[in-house]
Structures are given as C-alpha cells and as structure tokens.
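Pasting a structure here, questions to come.
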Amino acid sequence: MAGRIVSHIVWSLHDGYDNLRRSPLLESQVMPELPEVETVCRGLEPELTGRMLTGVTLRRSNLRYPLPDGFVAKLTSRRVIAVRRRAKFILVQLDNEITLVIHLGMSGRLVIHTESPPPPPGPHDHVDVVTDTGVTIRYNDVRRFGFMDLISDADMSQHPMFAKLGPEPLGNGFNAEMLCETLAGRRTSIKAALLDQHVVAGLGNIYVCESLFRASISPKRNAYTIAGRRAERLVTAIRAVLKDAIAAGGSSLRDYVQASGELGYFQHKFQAYDQEGKPCVMPGCKGTVRRISQSGRSTFYCPGHQR
DNA sequence: ACGAGAACCTGTTTGC
DNA sequence: TGCAAACAGGTTCTCG
C-alpha cells in the first residue's frame, strides 16, 4: 500500500514513496487555499503539538525568500506549543516565543514520514524537520512560491504579513455589513476584490469562483455594487463553500487514519472551477459554464444565473 | 491611493 | 515528431 495523499500532506508509509511521487493524484491536487491549509494544520497538529524538534535539515538556503538567520538553531530543541492557521499561513508556535510561519505558495506540500530514517530526499524536498518521536516532516515545493519565516510573538501583530490581513471568512468578524464597508468605493470587479487578502483572508482563485457561483453573482460585477441581500448571499456562500471543502479534507484525514476507502478529498468536485463548457449544475439553470480571463487569471462562471 | 499587469518558478499541456 | 509558447496561481513589486 502506497502512502496516502491528503490535501497537501502526504503520508508515506513503509513503502511506495517513489510510486507515490509519480502518482497522478499529485497532479490533480488543487492549490492550497484556506481549506487545504486548514486540513494540513489538522494533519500536522497531532504530530507536532507537545513534541520537541530534534533536527532540522535545509537543502537550500532560500525558498521564495532567503530563510532567516539562525533558522536551524532557533528551531532545534524547541518544543511545539500549538499548530494554528491564519489565512493561508501555517503557524507553528514554539516554546521560545517564536512562531514558525509556513506558506505553501502554489505547490508547497508537507510530507509526514513515520519511518526512521525517512526515504532519500527528492529534488524539490527543501526542508526536513524531525521530532522526538522520530517522525520527519518534509517540505516539498516544486515552484518555490512558498516560504518559511520565524517571527517573534511580540512582532506578530505588526508584521506586514499579518497586520493588514482581512478577517477570517469563517470567523465572527466576517459579515455582510463589514464586507459592504470594505467594498464601498472599490472600482474593481468582485472577483478581483475577493482575491485581495486585505478584503477577506484565505480565498484563492478556486474558492472565489465557487463562492460567486453559489451566490449567483457575476464575477464581472463591480465590487462596490455588492450590498444588501446580495452581500448576505455572498457571505453565506463563501462560508458554505469553505466549510464543504474543509469537511471533504477532514473526511480524507479519517480515511487515512482508518486506512480504508478512497480519498474523499480528491473526489471533491467543483461546480464552476475548471468546468468550462459543462452544463450549469444550479437547479433550474440551463446555462453553460464559461471561462474568461480577469486580471490575467482564469475565472469560471455561469452567465445563466450569475448576475 | 488604487488598480492592472508583470515577475517569480517549474512541470505539464497546447499549438504550430 | 519536436520544440516553443502558454498555462497553472499566491504574493509582491512596478507602473500609470
């Protein structure tokens, strides 16, 4: 049995790692947006919380950015207090008032190797972190849009990476009223506005398309026209889309733990994203999903019901 | 200040 | 068939 791929975490069991790396499942993975990062955090949590980091191996000194000075020394022999998520950032809180911040970028993956020693690293395996239980957490990133950083707890809130982030879409701070205020006066499209992490934190191209589809709002609509019932619909849709995706990721985690059945995550089908030319699945709508380009990025939507 | 587009990166897909 | 261009997309930077 080869290891199982769960969201952006890949569990490698005692064999099959080379096969796993060539698995077509890898190619069908969706990009890491909020639900994927949340799933990764839930997978990491039991492996890391309370554990001491006994070793760190760097195979290159830079990912997207240069790794901070003393990266290895500041992690080694530290204990993990908690694993959390903010927007698309994975936050590993350490016992020295420093947090390891991990961003998966577009192609970043974390591989949990339970066997010790772990398999030989591949060409894009950039960082290994080993815990006192002998588990290796390996960071792999083909395109190197991801990065890691160390931020002291005191600097966290003022850090440019976090200071201006919008609210968590699943949190209490995200509602129709605040969304209207944020979008007021914005001349750009609602599609572009929702991709802006300062408006709401954690959405990417895929879930913006899905949310607008579910809310029956055209991606071309001017952002400032989102108000009233339409804003309520959008907030509801964003929440529902994210919760569904997280639930799909969670069921994959359970599948892994029970070592049974197919991976629910990869069966997760999108209603709009990557569905160009397919009939709209919205009940009562006879439209066809179209693909357009907005600010250089693909948008999928149904002109039949998205207005 | 704001918005559009480029750049970063590499493996895969598409088109000539 | 083979090679080059296009494409994927999160974030930051530049330019108008």
Quick one: pull up CG in A/Leu104 and CE in A/Met148 and give me the separation to the nearest 0.5 Å.
->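 Those atoms lie 8.5 Å apart.
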Given B/dG11, is OP1 or OP2 found less than 4.0 Å from the side-chain N or O atoms of A/Arg143?
->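 Answer no for this pair, as no side-chain N or O of A/Arg143 is under 4.0 Å from OP1 or OP2.
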Please list each protein N or O that sits under 3.5 Å from an N or O in nucleotides 14-16 of chain C, with the distance.
none

Show me the side-chain donor-acceptor pairs of residues 153-165 of chain A shorter than 3.5 Å, one per line, residues at least two apart or across chains.
unit_1	atom_1	unit_2	atom_2	d
A/Asp153	OD1	A/Thr99	OG1	3.1
A/Asp155	OD2	A/Ser152	OG	3.1
A/His159	ND1	A/Met161	N	2.9

Give, ordered by number, those residues of residues 153-162 of chain A having at least one heavy-atom distance below 4.0 Å to an atom of DNA chain C; if nothing qualifies, reply none.
->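 Within this stretch, nothing sits under 4.0 Å of the strand.
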Given B/dG11, is OP1 or OP2 found less than 4.0 Å from the side-chain N or O atoms of A/His124?
->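 Affirmative; the distance criterion is met.
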Return the set of residues passing side chain to side chain contact (heavy atoms under 4.5 Å, CB included) with A/Ser211 (not counting sequence neighbours), or none when no residue passes.
->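 For A/Ser211, the residues satisfying side chain to side chain contact (heavy atoms under 4.5 Å, CB included) (neighbours in sequence not counted) are A/Ile238, A/Val241.
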Salt bridge (charged side-chain N to carboxylate O under 4.0 Å, His left out) contacts in which one or both residues fall within residues 295-307 of chain A, not counting sequence neighbours |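 Output for this query is empty, none listed.
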Co-members of the apolar cluster containing A/Val142 [side chain, <4.5 Å] =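 Its cluster mates, by chain and number: none.
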Exercise answer: donor-acceptor pairs, residues 192-205 of chain A side-chain atoms, under 3.5 Å, sequence neighbours excluded:
unit_1	atom_1	unit_2	atom_2	d
A/Asp196	OD1	A/His198	N	2.9
A/Asp196	OD1	A/His198	ND1	3.2
A/Asp196	OD2	A/Arg186	NH1	3.4
A/Asp196	OD2	A/Arg186	NH2	3.1
A/Gln197	OE1	A/Gly202	N	2.8
A/Gln197	NE2	A/Leu195	O	3.1
A/Gln197	NE2	A/Leu203	O	2.9
A/Asn205	OD1	A/Lys191	NZ	2.8
A/Asn205	ND2	A/Ser298	O	2.9

Which ring pair (Phe, Tyr, Trp, His ring centres under 6.0 Å) pairs, counting each pair once, include a residue from residues 45-83 of chain A, with sequence neighbours left out?
->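 Every ring pair (Phe, Tyr, Trp, His ring centres under 6.0 Å) pair that includes a residue of residues 45-83 of chain A, provided the two are not neighbours, is A/Tyr65-A/Phe147.
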Measure centre to centre between the rings of A/His305 and A/Phe213, then say whether the value is under 6.0 Å.
->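 Aromatic pair counts; centres sit under 6.0 Å.
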When you check every protein heavy atom under 4.0 Å of nucleotides 1-6 of chain B, what one-letter string (B, S, -) results, 5' to 3'?
-> --SSS-
Bend across the helix from B/dC2-C/dG16 to B/dC16-C/dG2, to 10°, with axes taken over 5 pairs at each end?
->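 Both end axes considered, the difference amounts to 70°.
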Is it true that A/Arg60 and A/Asp141 have a side-chain N and a carboxylate O under 4.0 angstrom from each other?
->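 So A/Arg60 does not pair with A/Asp141 through a salt bridge.
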Only distances under 3.5 Å count here; give the side-chain donor-acceptor pairs of residues 172-184 of chain A to other protein atoms, sequence neighbours excluded, each with its distance to 0.1 Å.
unit_1	atom_1	unit_2	atom_2	d
A/Asn175	OD1	A/Glu177	N	3.1
A/Asn175	OD1	A/Met178	N	2.8
A/Thr182	OG1	A/Met178	O	2.8

Between C/dG10 and A/Gln197, is there an OP1 or OP2 to side-chain N/O distance shorter than 4.0 Å?
->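 False: A/Gln197 side-chain N/O out of range (4.0 Å or more) of C/dG10 OP1/OP2.
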What pairs with A/Arg85 under side chain to side chain contact (heavy atoms under 4.5 Å, CB included), at least two apart in sequence or on another chain?
->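 Checked A/Arg85 against side chain to side chain contact (heavy atoms under 4.5 Å, CB included); matches are A/Leu34, A/Val37, A/Glu38, A/Cys41, A/Glu168.
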Taking atom CG of A/Asn140 and atom CG of A/Asp125, what is their separation to the nearest 0.5 Å?
->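 If we round to the nearest 0.5 Å, A/Asn140:CG and A/Asp125:CG are 4.5 Å apart.
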